[in-house]
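All values below were derived from every heavy atom in this structure, side-chain atoms included, with hydrogens, water molecules and symmetry-related copies excluded.
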Amino acid sequence: MLIRKYTCQNLFSLNVNRISSFQGQSFVIPCAKYLVTKTIERCTIFEMAWLRFLFCLLFVKKCTSQGWWLSPENAPTCKPGTCGENDETCECSLTIEHRLTMMTTNPPLLVLPTNGRLRFYNTSSIMPDEKMSEVITCDGYGSRLVIAINGKFPGPEIVAYENHKMIIHVRNLMHTDSTTIHWHGMHQKGTPGSDGVAFISQSPILPGRTFTYKFTAQPHGTSFYHAHIGDQRSMGLYGGLIIYPKYKFYSQPQVGFTVIIQDWNHDDEPEALYQRMLNGVYNQDEKTYIEPTKSIDGANFSRFHMHSGLINGKGRFYSYNNALNHNGAPLEMFEVEHGRSYRFRVISAATLYPFRVYVQGHHELNIRATDGFEIVRGTGSESRDLIVESFIIHPGERYDFTFLANQDPDIYLLVAESIEDLRTKNPPEYHAAEALIRYKGNAKTTKDRDNNGQGHCTYNKPCMIFNCPYLYYPTSTNLKCLKFDQANSNEYSSKFKEVVTADETLFFNFAFPGEPGNTPGSVNGHQFISPTYPILTNEAALTTPCKASECGQDKICSCTYNVELTSDRVYQFVLTNLGTGRGWSHPVHLHGHYFYVVKMGFGTYDESTGKFLLSSTDIECLGNKSYCNEAQWANSSWTDNNIPGLQLDYPPEKDTIIVPTGGYVIIRFKADNPGAWFFHCHIDLHNTNGMGMVFLESKDKYKGFSNIGATNEYGVLRKIILITILMVVVPLY
């Protein structure tokens with residue numbers, strides 16, 4: 001009897017309060033409480049065990065010895081060490097809320113930068129390290145609103161292992177903004193409902209609500225998570241996601257440093273940034289218009305004024321009056337030991353700008369991987385390390401490199417310098433993200449700007465730069481470009497043989513075509529309009545379909561552009577940046593897949609100055625207005641599998657690739673992942689403006705996936721279980 005009573009009391013204490021949080025019809029709550037209370041003294045041990053099981057299914061998402069989580073606030077937060085190598089499941093929580101930069105929290109006080117440290121605004125005393133670590137500094141200029149994750153900017157790095165079952169609870173504590181989280185690099189095979197794209201795979205997470213993402217940690221390598229609604233990434237809603245490989249013979253070391261780069265604007269929040277891209281950026285103090293910048297080849301950058309660059313949420317602002325002076329804000333620091341090799345995982349969470357990454361005083365970087373996939377130069381016996389002086393990274397891309405700490409044990413700068421051509425700026429400007437690499441034993445905490453630039457590059461020994469969005473630098477710079485398609489896959493399990501023969505070729509033009517006053521971002525002339533319901537689960541409710549009467553070779557239309565893909569076919573996409581809407585390079589990201597880069601085509605350049613002259617002549621744009629909404633190969637003998645220059649022997653894998661202005665990229669992949677997958681320019685402002693589309697892949701197969709809508713809200717199943725409980729309990733009376 002005592003055992004029976006203890007068991008019943010245990011059930012009551014475990015479950016009666018949880019009934020209060022049931023989100024079904026409110027009238028069942030007092031009824032259920034009454035039945036549980038009255039049943040405590042009447043049930044047998046067997047009956048109690050059965051009821052306990054049903055209550056567990058009803059009110060507990062996952063019944064384990066760790067107990068039930070009331071909310072992400074009392075769950076294990078995502079932090080280093082959360083997920084062990086031998087664990088089957090990696091489960092943690094992310095809480096999203098607004099914070100202010102350059103402010104302490106308890107008590108709230110403004111802080112100021114000084115010589116690589118911080119001090120309170122009303123004293124000259126330097127803050128201790130532990131207090132400094134609580135402050136979100138960005139570039140130390142003013143105090144502005146940002147989005148923090150678990151109180152951090154950027155959010156906490158999630159480290160897991162290949163094939164881990166990932167369960168991430170995301171709670172939105174912003175007062176007025178909805179959000180979603182995309183797991184950039186995770187292919188979501190079998191879990192399209194956890195891809196995290198607003199109105200494609202899910203409805204946004206409303207303020208005060210929680211959504212649980214479930215997916216498998218695949219593939220291995222460097223990925224990241226970020227907001228996928230509007231331009232929230234520009235406010236800091238992102239963090240690293242590192243998946244260590246199951247097999248240990250990948251390039252070593254695997255453990256290393258994560259470097260997340262962002263272009264930073266002092267003044268504007270996401271909606272204001274978007275409006276300024278459309279309407280122009282002005283210097284309010286000087287009452288002058290700020291001209292958009294260009295890259296060295298003359299390609300445009302959109303109207304987004306970068307004040308500073310950040311690495312892991314830290315940077316420093318260089319004065320407009322003197323580009324050699326900075327404000328002394330603290331930088332991220334990486335400590336190394338002389339003689340050891342280190343891996344750096346570089347992630348671009350940038351809103352718009354590409355960056356050239358290099359390490360001061362260390363002129364050989366060994367590029368190990370891109371977008372999580374290992375790469376080298378050459379194949380077979382010709383395979384060799386991909387050694388460069390620096391590389392260019394575009395928004396959404398990731399690059400891993402290793403370098404040997406073999407210089408004097410000093411302090412050096414890791415620099416991510418914007419590839420803007422700022423030579424005509426008056427007064428001069430300097431746009432770079434910086435971090436410190438300090439040799440162990442050195443006590444320095446700051447270092448001034450690297451003024452030597454690439455003076456070590458000579459005519460006889462030019463410096464090699466990997467992944468340029470153009471073909472040439474001016475000859476006077478002694479810099480050489482290495483195109484991305486000159487790399488090869490170094491993945492032991494590469495399935496490139498699956499795509500040696502393409503079944504179908506599709507052309508997609510990423511550009512800004514149209515007449516003056518109507519040149520939105522588009523794909524094949526379709527400005528993307530988000531559905532009002534997730535297209536993954538509610539395609540029938542789509543109210544903005546593309547109509548043949550409104551879209552075409554010489555038309556610009558606004559609709560939910562989508563293309564159906566057939567299961568197991570090998571698709572060859574020709575991504576172009578041609579026609580009247582070219583002029584901006586676009587980093588294009590494919591959700592749900594990685595792809596093989598089999599060829600890059602560029603336009604014509606002046607080899608002496610590096611300036612772009614003419615678009616590629618390999619492709620013919622159809623129509624009368626040169627929008628390039630439809631295209632074909634200019635040479636009719638070029639067919640799916642008969643294109644000169646295709647690299648089909650260990651082509652490199654990727655999920656984000658730069659499409660150069662006036663050029664094209666050919667990619668291939670096998671349609672083996674049913675779902676609704678977004679395909680878009682990863683420049684936030686371009687994406688928001690409509691430069692995206694959706695692939696509906698194997699629609700007949702993804703409708704039955706159990707994780708679609710994998711939210712932690714209470715659904716039909718729990719209501720059925722509640723009815724079952726009532727049916728079991730009532731006969732006891």
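Side-chain contact annotation: T580 with S626, donor-acceptor N/O pair under 3.5 Å absent. With hydrogens and angles left out, the side-chain atoms of K654 and T370 include a donor and acceptor closer than 3.5 Å. Using a 3.5 Å distance cut-off with no hydrogens or angles, the side chains of E397 and S348 do not pair a donor with an acceptor. With 3.5 Å as the limit, one finds a donor-acceptor pair spanning the side chains of N163 and Q218. Looking at N641 and T501, their side chains never bring a donor and an acceptor atom within 3.5 Å of each other.
Residues passing the ring pair (Phe, Tyr, Trp, His ring centres under 6.0 Å) test with H182, sequence neighbours excluded: H184, H226, H228, H589, H591. With sequence neighbours excluded, the residues that form a side chain to side chain contact (heavy atoms under 4.5 Å, CB included) with T179 are I96, N172, M174, I205, A227, I229, Q232, L237. In this view, N624 satisfies the side-chain hydrogen bond (donor to acceptor under 3.5 Å, both in side chains) rule with no residue, not counting sequence neighbours. Take C681 and apply the disulfide (SG to SG under 2.5 Å) test, not counting sequence neighbours, and it matches no residue. Legend: residues meeting ring pair (Phe, Tyr, Trp, His ring centres under 6.0 Å) with Y594, ordered by chain and number and at least two apart, are H187, F373, Y596. Partners of T216 under the side-chain hydrogen bond (donor to acceptor under 3.5 Å, both in side chains) rule, at least two apart in sequence or in another chain, do not exist in this structure. In this structure Y282 satisfies the ring pair (Phe, Tyr, Trp, His ring centres under 6.0 Å) test together with Y289, sequence neighbours excluded. For D485, the salt bridge (charged side-chain N to carboxylate O under 4.0 Å, His left out) partners two or more places apart in sequence, or in a different chain, are K483. Applying the ring pair (Phe, Tyr, Trp, His ring centres under 6.0 Å) rule to W638 yields the partners W633; only residues at least two apart in sequence or on another chain are considered.
For F612 and F602, the gap between ring centers reaches or exceeds 6.0 Å. Residues Y353 and F301 bring their aromatic ring centres within 6.0 Å. Here the two rings, on F211 and Y213, have centers that are under 6.0 Å apart. A ring-centre distance under 6.0 Å is found for F679 and F510. Here W264 and F153 bring their ring centres to under 6.0 angstrom of each other.
Under a 3.5 Å cut-off, the side chain of Q262 and the backbone N or O of S234 do form a donor-acceptor pair. Side chain of N300 to backbone of W584: no donor-acceptor contact under 3.5 angstrom is found. The backbone N or O of R582 sits nowhere less than 3.5 Å from a side-chain atom of T661 that would complete a donor-acceptor pair. The closest donor-acceptor contact from the side chain of N538 to the backbone of Y533 lies at 3.5 Å or more, if one exists at all. Of the possible donor and acceptor atoms, one in the side chain of S194 sits under 3.5 Å from a partner among the backbone N and O of K214.
Remark: SG of C557 is not found under 2.5 Å from SG of C546. For the two cysteine residues C78 and C92, the thiol sulfurs sit under 2.5 Å apart. On the SG-SG cut-off of under 2.5 Å, C621 and C628 qualify.
How far CG of L352 is from OG1 of T293: 7.5 Å, rounded to the nearest 0.5 Å. For the atom pair D568 CG and K670 NZ, the distance stands at 5.0 Å (nearest 0.5 Å). We find the OH-CD1 distance between Y399 and I392 to be 9.5 Å, quoted to the nearest 0.5 Å. Rounding to the nearest 0.5 Å places CD1 of I393 at 5.5 Å from CD1 of I261. Distance check, rounded to the nearest 0.5 Å: CD of Q527 to CG of N518 gives 7.5 Å. Note that CH2 of W183 is 10.0 Å distant from CD1 of I243, once rounded to the nearest 0.5 Å.
Using a 4.5 Å heavy-atom cutoff, the side chains of H526 and F528 are not in contact. Counting heavy atoms from C-beta outward, I556 and P513 have side chains that approach closer than 4.5 Å. A heavy-atom distance below 4.5 Å is not found between the side chains of F669 and K495. The shortest distance between side-chain heavy atoms of P531 and I200 falls below 4.5 Å. Side chains of D268 and H305 form no contact here, defined as non-hydrogen atoms less than 4.5 Å apart.
For residues 560-589, no pair satisfies disulfide (SG to SG under 2.5 Å), with sequence neighbours left out. For residues 545-567, the salt bridge (charged side-chain N to carboxylate O under 4.0 Å, His left out) pairs, not counting sequence neighbours, are E564-K699.
Smallest separation of non-hydrogen atoms from C90 and A160: SG-CB, 4.2 Å. A pairwise comparison of heavy atoms in S615 and L578 identifies CB-CD2, 3.9 Å as the closest pair. Heavy atoms only, all atoms of each residue included: R303 and G280 are closest at CD-CA, 3.4 Å. The two residues P219 and M186 have their closest heavy-atom pair at O-CE, 3.5 Å. Across V597 and P651, no two heavy atoms sit closer than the pair O-CB, 3.6 Å.
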Can I get a per-line list of side-chain donor-acceptor pairs under 3.5 Å for residues 683-697, giving both atom names and the distance, sequence neighbours left out?
unit_1: D684; atom_1: OD1; unit_2: R233; atom_2: NH1; d: 2.8
unit_1: H686; atom_1: ND1; unit_2: H586; atom_2: ND1; d: 3.3
unit_1: H686; atom_1: NE2; unit_2: S302; atom_2: OG; d: 2.7
unit_1: T688; atom_1: OG1; unit_2: D231; atom_2: OD1; d: 2.6
unit_1: T688; atom_1: OG1; unit_2: D684; atom_2: O; d: 3.0
unit_1: N689; atom_1: OD1; unit_2: G521; atom_2: N; d: 2.8
unit_1: N689; atom_1: ND2; unit_2: Y274; atom_2: OH; d: 2.9
unit_1: E697; atom_1: OE1; unit_2: H593; atom_2: NE2; d: 2.6
unit_1: E697; atom_1: OE2; unit_2: H593; atom_2: NE2; d: 3.3
unit_1: E697; atom_1: OE2; unit_2: D672; atom_2: N; d: 3.0
unit_1: E697; atom_1: OE2; unit_2: N673; atom_2: N; d: 2.7

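Within 6.0 Å of atom CD in E620, more than 12 heavy atoms from other residues, nucleotides or ligands are found, so the atom counts as buried in its surroundings.
Evaluated for a side-chain hydrogen bond (donor to acceptor under 3.5 Å, both in side chains) with T560, the options T544, T532, T543 yield exactly one hit, T544.
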